[in-house]
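Below is one structure, written out as structure tokens; the observations come after it.
If you're wondering where the values come from, they're calculated on a predicted model, not measured in any experiment. Chain identifiers are assigned alphabetically (A, B, ...) following the order of the sequence lines, protein sequences preceding nucleic acid strands; residue numbering begins at 1 within each chain.
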There are 2 protein chains.
Amino acid sequence: MSSRGVRHDSMRARNLAVVLDAIHRTGPHTRAALAERTGLTKTTVSSLVADLLEAGVVTESGAVRGGERGRPGVAVSLSGHRVATLGLEINIDYLAACVVDLTRTVRLRRTRPADNRSSNPAEILERLRDLAKETTAEAESAGLRVIGAALAVPGTVEGGVLRSAPHLGWRDVRVEDVIDLPLAIDNEANLAALGELWFGSRDTDFLYVSGEIGIGAGLVVGGTVFRGTFGLAGELGHVVVVPDGPACRCGGRGCLEVYAGQDALLGPLDSVAALVARLESGDPRALEACERAGHALGVALTSAVHLVDPGRIVLGGIFARLFPWLEGPVADGLGARLGQMRGTPPALVVSGIGADAAVLGAAGLVIQRILADPAEVLGL
Amino acid sequence: MSSRGVRHDSMRARNLAVVLDAIHRTGPHTRAALAERTGLTKTTVSSLVADLLEAGVVTESGAVRGGERGRPGVAVSLSGHRVATLGLEINIDYLAACVVDLTRTVRLRRTRPADNRSSNPAEILERLRDLAKETTAEAESAGLRVIGAALAVPGTVEGGVLRSAPHLGWRDVRVEDVIDLPLAIDNEANLAALGELWFGSRDTDFLYVSGEIGIGAGLVVGGTVFRGTFGLAGELGHVVVVPDGPACRCGGRGCLEVYAGQDALLGPLDSVAALVARLESGDPRALEACERAGHALGVALTSAVHLVDPGRIVLGGIFARLFPWLEGPVADGLGARLGQMRGTPPALVVSGIGADAAVLGAAGLVIQRILADPAEVLGL
DNA sequence: GGATTATGTACAGATTATGGACTAATATCA
DNA sequence: TGATATTAGTCCATAATCTGTACATAATCC
């Protein structure tokens, strides 16, 4: 919102972004096609593409021969050979890192199991630093240039500071010096939603529901994550399902998390795998837990649909694994409750990118920034 | 999202908007101060201001003499003398119109009582057309140039078409030829929120809760209304308060509207004024209805706060008039439920601009468009 | 093989912002 | 009271960037 004036250099910066975005959105294009799409002249596009080539973000991928007459054009596409980004994640029981190139290819992936509940922040950040350093070094020895990084955390983030991560027991932790690169920090659910956007369905409008120990959600509208006023939007887990239901850890009562959080779903079991096994064998207690969770999820999602109007609803995390048992109750609840208000309720689908959603999304966030302003990020 | 390239003319268009926005946001400024704020040079600012002067959107309002040394500058401020916008509203029992100038001064205001429930769309639109024509003519005879219009309707709008206005009994009505100007159509709650933004507190981040016959909400984040994927966001009235509560008109059960809609609040009474009278005289039935509505509103707003993270909550419409009796239960509910999750719950305040919020907001929407792209709108 | 058609580049021209010099108008200070 | 300092706004030559036409290039069509 700083509303600075536009000068010649920002005009060019913007046009670089426009051309790069066109290449990214609809695949390889010849310069002529890019000119058509962007409304710029062929001359200008040629000049912009030359800069992008030099920066290593695009490559010429050979002649396009469509059988049409006329001189064939040279297709320009995103290059996966030079620029890459680093995604990081701190979760309850592991640290993760990944390196992704501009073609959305995952080049490296590292996970370190760890019991982060019983360690203090400094210790964990130290281990994260090691992991980040190692991963980046490895990527660089493969010829990649890691441009930036983002970190997913299971908690609320305000202004780059981790405000509160209840399941880690952290409050107001400032994450610094993890790596010698610009580092963005964001909530696990928001980044998982970006993961779905970049590495999943490629749909640009959806509500990603992240079932981890807590329940979060990331809303993507028009390809952008909606964060609310203070970056705290998407706390689906604490939407009220039963106004005077059981007390929730958050201080409220009858929150979704009480009915559909991991603890509620697992009951005495100690892993999701165990729950799935019970479900597959038809265990009535397990089935009932899923039924109850699905019902609660249907109620909470109804409120969410009314409030934020998502294009579709994507279930991720443990909900993805439990999808076969959840889909029925959730869809029924949505269908029945949304009734008259809209033509059809938003489609309910399962996320395609399992447990890695958040780390991948973190890397995706940085890719998104490169595409949004290549000149700034790459120093063109 | 069309992502067109930037050319010289769009650079200038953007800079016109940047300068105009700076004038609008922080009051009158000298050219030198504008140059400072926008990062443009004095030369460029002078040239841009010259264009804005010619278009009649700004005026030179005399020398600024601050007692400082140096040549005094000439303050440039928004002009209320030429450009104006038209706000229109169709509501259950009246039609309304207003003309507002760029300084946010309401120049004209017309209301026509009408029982729109018992008329068909064509008839009402005909009457709206008359009202619009008269109001514009009057504004023009006062020397104003009405540039554009917007219409508030009590229902959902998708792509310029009124999809569903249950309280009017309308479905899929295309509003056309109402006036010989660009006409935007939007939901009453969204526009009332804009009304609050433009003519109320001037705060840029809040959730406006519109209590009319139905209950809607308009979320403003960073000065922009959040509309969701299909423009259907903000249906606070159908957030689930009690999952198996009484059936709601919408097909769901236990929606907020069932507990806090006008019908629920009024009971057998026939006007808000009557209810207020009862409340003031301490009538227990009336007090209990308010208590119950406030409680339900607290529950629904808790869910809303978790999902969309508003800066503050502004109660408008009938809730504004009932604020003294609602504030307690709503604030208690929010405070108790939000508990640990955030430092303090968002402030709960009453809207300053009574029943006119939506029409005013409609006019404000058009002003917002002028400020966002004066070149486009004014043909510079 | 010549006509046709489309791609991509070269170069002059157009548009817009910049930057330093200049004029204008006021306050401060001797 | 007059000289000086200081700030505002304009003028004009220059710079950055995009446009548009011309042209070389490389295919297909017949």
(request) Can you measure from CG (B:Leu194) to CG (B:Asn190) and round to the nearest 0.5 angstrom? (result) 7.5 Å
(request) Kindly say if A:Arg7 contacts the phosphate of C:dT18, meaning a side-chain N or O under 4.0 Å from OP1 or OP2. (result) yes
(request) With rounding to the nearest 0.5 Å, note down the distance linking CD in B:Gln368 to CG in B:Asp373. (result) 13.0 Å
(request) Mind jotting down which residue pairs meet the side chain to side chain donor-acceptor pair (under 3.5 Å) criterion with at least one end in residues 8-18 of chain B? Sequence neighbours excluded, please. (result) B:Arg12-B:Ser47, B:Arg12-B:Asp51
(request) Measure the shortest side-chain to side-chain distance between A:Arg202 and A:Arg25 over non-hydrogen atoms and say whether it is less than 4.5 angstrom. (result) no
(request) Name all residues meeting the salt bridge (charged side-chain N to carboxylate O under 4.0 Å, His left out) criterion together with B:Asp205; count only those two or more places apart in sequence or in a different chain, and write none if there are none. (result) none
(message) Between A:Asp309 and B:Arg227 (salt bridge meaning N to carboxylate O under 4.0 Å), is one present in this structure?
(response) no
(request) Find out whether A:Val99 and A:Thr85 are in side-chain contact, i.e. whether some heavy atom of one side chain is under 4.5 Å from a heavy atom of the other. (result) no
(request) Measure the spacing between OG1 of B:Thr135 and CD of B:Glu140 and express it to the nearest 0.5 Å. (result) 11.0 Å
(message) Going by salt bridge (charged side-chain N to carboxylate O under 4.0 Å, His left out), name the residues that satisfy it together with B:Glu36, two or more places apart in sequence or in a different chain.
(response) none
(message) Reading DNA chain D from 5' to 3', where do the contacts with chain B start and stop? Cut-off is 4.0 Å to heavy atoms.
(response) D:dA5 to D:dT19
Every protein N/O within reach of nucleotides 3-5 of chain C N/O, cut-off under 3.5 Å:
residue: C:dT5; atom: O2; partner: A:Gly70; partner atom: N; Å: 3.4

(request) Using heavy atoms and a sub-4.0 Å distance, could you list which residues of residues 40-52 of chain B are near DNA chain D? By number, please. (result) B:Lys42, B:Thr43, B:Ser46
(message) As an exercise, state the distance from CG of A:Leu365 to CG of A:Leu191, rounded to the nearest 0.5 Å.
(response) 6.0 Å
